[in-house]
Asks: 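One structure, pasted below without further comment.
Read the numbers this way: they start at 1 and go in the same order the structure lists the ligands and their atoms.
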Amino acid sequence: MNAYDSDRMADLLVPIGYEVSQAPDGADMIILNTCHIREKAAEKVYSELGRLAPLKADVIAGHKAPLIAVAGCVAQAEGQQILERAPYVDLVFGPQTYHRLPEMVESVLRTGKRIVDTDFPADDKFDFLPEERSSGDVSRFLTIQEGCDRFCTFCVVPYTRGAEQSRSAQSIAADAKAMVSDGAREITLLGQNVNAWHGDAPSGGEWRLGRLIRHLAEIAGLDRIRYTTSHPSDMDDELISAHGDVPQLMPFLHLPVQSGSDKILAAMNRRHNAKDYRRTIDKLRHHCPEIALSSDFIVGFPGEEDSDFAKTLGLVTEIGFAQSYSFKYSARAGTPAADQGRQVDEDVKNERLAGLQQLLRAQQDSFLQTQLGMTVDVLFEGAGKRRGQVVGRSPFMHPVHVEAPDRLVGSVRSVRIQKCFANSLRGEVQTISAPVSTEHLGPSAEGICA
Ligand code: SF4
């Protein structure tokens with residue numbers, strides 16, 4: 001989501017004379033677009049700002065001091081405090097106000113007054129964002145929903161990203177068509193709680209995500225659709241059945257469960273239990289037997305006992321995940337769980353995390369092994385690490401490297417998998433037929449400056 005937002009910030013700045021730079025040295029503006037999810041996020045931002053401070057002081061000959069901005073969820077959470085702790089920062093703005101970036105930059109340059117803008121404005125920022133610049137990327141992100149109303153007790157998102165807001169089906173479809181015209185073959189629909197998306201249907205009534213996906217699948221040239229991240233309680237029947245009958249919807253789903261214990265799920269305010277989760281997975285597998293699953297797990301949540309953790313291991317063993325993310329619980333200031341009693345001892349958390357990760361790693365390895373000897377469709381996205389190699393993704397998100405010409409980039413080809421590595425695959429293209437145009441391919445953007 002932050003990668004998408006960074007690109008949109010660049011879209012806003014290019015018309016006022018900035019261009020993207022790959023490094024901070026010599027830049028006219030440096031934006032740290034921050035995430036608040038990981039532990040000690042704010043401290044990491046302050047330490048990064050400390051590294052940038054000399055750029056503000058030691059102005060390189062012939063260059064003005066760069067503007068320094070902090071954006072994203074740490075900016076939203078810390079606000080004014082950033083200006084107090086890092087007096088060389090010029091701009092602080094949250095995820096919901098970055099559409100005002102050109103005005104903010106103009107104001108700071110004109111008045112020299114520093115700005116903090118962490119509102120949750122009533123207007124929809126997407127109405128104010130310019131058209132996306134051409135990137136030529138084969139695989140693109142498209143934000144369709146932001147914010148979250150679920151208030152899981154460990155999570156900062158509802159406080160930093162605000163209430164759930166869905167974009168209209170019409171504007172999403174228009175953006176998706178523009179991306180496909182620009183060379184995209186795969187679009188990943190993004191949202192903090194993406195499957196809570198709902199919007200006015202073009203011909204009246206309301207659509208939910210399953211219907212939107214069916215609509216987007218009609219765009220000629222769009223070969224692959226994905227969405228992330230989903231909440232189990234928002235997996236409705238229409239979305240589940242789309243996995244069975246929309247060929248463009250890839251058979252890979254990240255569906256965080258967090259714990260296998262109903263007691264802990266209730267303490268987390270997840271509003272689903274382990275049985276609900278199992279039922280949803282059964283339905284998904286009924287409609288799409290080959291679907292590969294990924295999940296998030298938190299171990300050592302306040303009050304978690306050995307018996308609760310055993311239920312998590314039991315659920316993992318029963319379901320089987322192709323990929324997963326697992327973390328020790330760590331408190332986030334301002335969230336209800338941070339003040340809950342019965343915090344779990346750090347050694348216990350470490351031990352449980354090691355046990356869970358061992359099981360998840362074994363499942364991931366054995367899923368990778370099932371790919372050996374299979375022929376899978378790969379969408380090629382760019383040059384591989386080695387000369388003469390191209391890399392793409394399998395339907396299950398694995399990076400797949402093959403020795404093949406660059407002209408395959410932007411096409412889907414059948415690849416026979418010959419080798420498995422820890423997180424990727426190597427194979428041989430089964431069909432190299434008509435040449436594929438790569439005219440649309442351009443560099444990808446990573447930083448912002450003039
Ligand atoms: S559903 Fe996801 S984003 Fe929303 S509060 Fe829970 S963990 Fe955070």
Asks: Would you find a donor on one side and an acceptor on the other, under 3.5 Å apart, between the side chain of Asn269 and the backbone of Phe151?
Replies: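 Answer holds: yes.
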Asks: Pro158 heavy atoms, cut-off 4.0 Å: which ligand 1 atoms fall inside?
Replies: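 It comes down to these atoms of ligand 1: 5 (S).
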Asks: Arg161: heavy atom below 4.0 Å from ligand 1, yes or no?
Replies: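 The answer is no: ligand 1 sits nowhere under 4.0 Å from a heavy atom of Arg161.
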Asks: Looking at atom 6 (Fe) of ligand 1, is one of the N, O or S atoms of His231 less than 2.8 Å from it?
Replies: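 His231 does not place any N, O or S atom closer than 2.8 Å to atom 6 (Fe) of ligand 1.
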Asks: Taking atom types as modelled and ignoring hydrogens, do the side chains of Asp5 and Asn33 form a donor-acceptor contact shorter than 3.5 angstrom?
Replies: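 Not at all, the side chains of Asp5 and Asn33 share no donor-acceptor pair under 3.5 Å.
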Asks: Does Asp200 CG have over 12 foreign heavy atoms under 6.0 Å away?
Replies: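 Open: at most 12 neighbouring heavy atoms sit under 6.0 Å from CG of Asp200.
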Asks: Give the numbers and elements of all ligand 1 atoms closer than 4.0 Å to a heavy atom of Arg270.
Replies: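 Heavy-atom distances to Arg270 below 4.0 Å select 6 (Fe), 7 (S).
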Asks: Tell me: protein heavy atom nearest atom 8 (Fe) of ligand 1, and distance?
Replies: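 Going atom by atom, the protein heavy atom closest to atom 8 (Fe) of ligand 1 ends up being Cys155 SG, 2.3 Å.
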Asks: State the atoms of ligand 1, each with its element, that fall below the 4.0 Å cut-off from a heavy-atom position in Val157.
Replies: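 In order of numbering, the contacting atoms are 3 (S).
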Asks: Out of Leu222, Ile225, Asp223, which residue meets the side-chain contact (heavy atoms from CB on, under 4.5 Å) rule with Ile187?
Replies: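 Per the side-chain contact (heavy atoms from CB on, under 4.5 Å) rule, the option paired with Ile187 is Leu222, out of Leu222, Ile225, Asp223.
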Asks: Examine the side chains of Asn195 and Gln145 and answer whether a donor and an acceptor come within less than 3.5 Å of each other.
Replies: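 No - no donor-acceptor pair under 3.5 Å links their side chains.
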Asks: Given that the side chain starts at C-beta and the backbone is N, CA, C, O, which of these parts of Cys152 lies under 4.0 Å from ligand 1, counting heavy atoms, or is it both or neither?
Replies: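 Contact part for Cys152 vs ligand 1: both backbone and side chain.
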Asks: Answer with side chain, backbone, both or neither: which part of Asn193 has a heavy atom less than 4.0 angstrom from an atom of ligand 1?
Replies: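 Asn193 to ligand 1: no contact under 4.0 Å from either part.
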Asks: Is ligand 1 under 4.0 Å from a heavy atom in the side chain of Phe154, in the backbone, in both, or in neither?
Replies: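 Side chain only.
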Asks: In the protein, what heavy atom is nearest to atom 4 (Fe) of ligand 1, and what distance, to one decimal place, separates them?
Replies: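 Of every protein heavy atom, Cys148 SG, 2.2 Å lies nearest to atom 4 (Fe) of ligand 1.
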Asks: Going by the atom numbers of ligand 1, which of them fall below 4.0 Å from some non-hydrogen atom of Phe151?
Replies: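 In order of number, 5 (S).
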Asks: Answer yes or no for Arg426 and Phe421: cation-pi contact, defined as NZ/CZ to six-membered ring centre under 6.0 Å and angle to ring axis within 45°.
Replies: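 Because its charged atom misses either the 6.0 Å distance or the 45° angle limit, Arg426 does not stack over Phe421.
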Asks: Is Asp90 paired with Lys56 through a side-chain N to carboxylate O contact shorter than 4.0 Å?
Replies: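 Looking at Asp90 together with Lys56, the answer is yes, because their closest N to O distance falls below 4.0 Å.
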Asks: Measure from the side-chain N and O atoms of Thr312 to the backbone N and O of Gly260, and report whether any donor-acceptor pair falls under 3.5 Å.
Replies: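 Such a contact is found between Thr312 side chain and Gly260 backbone.
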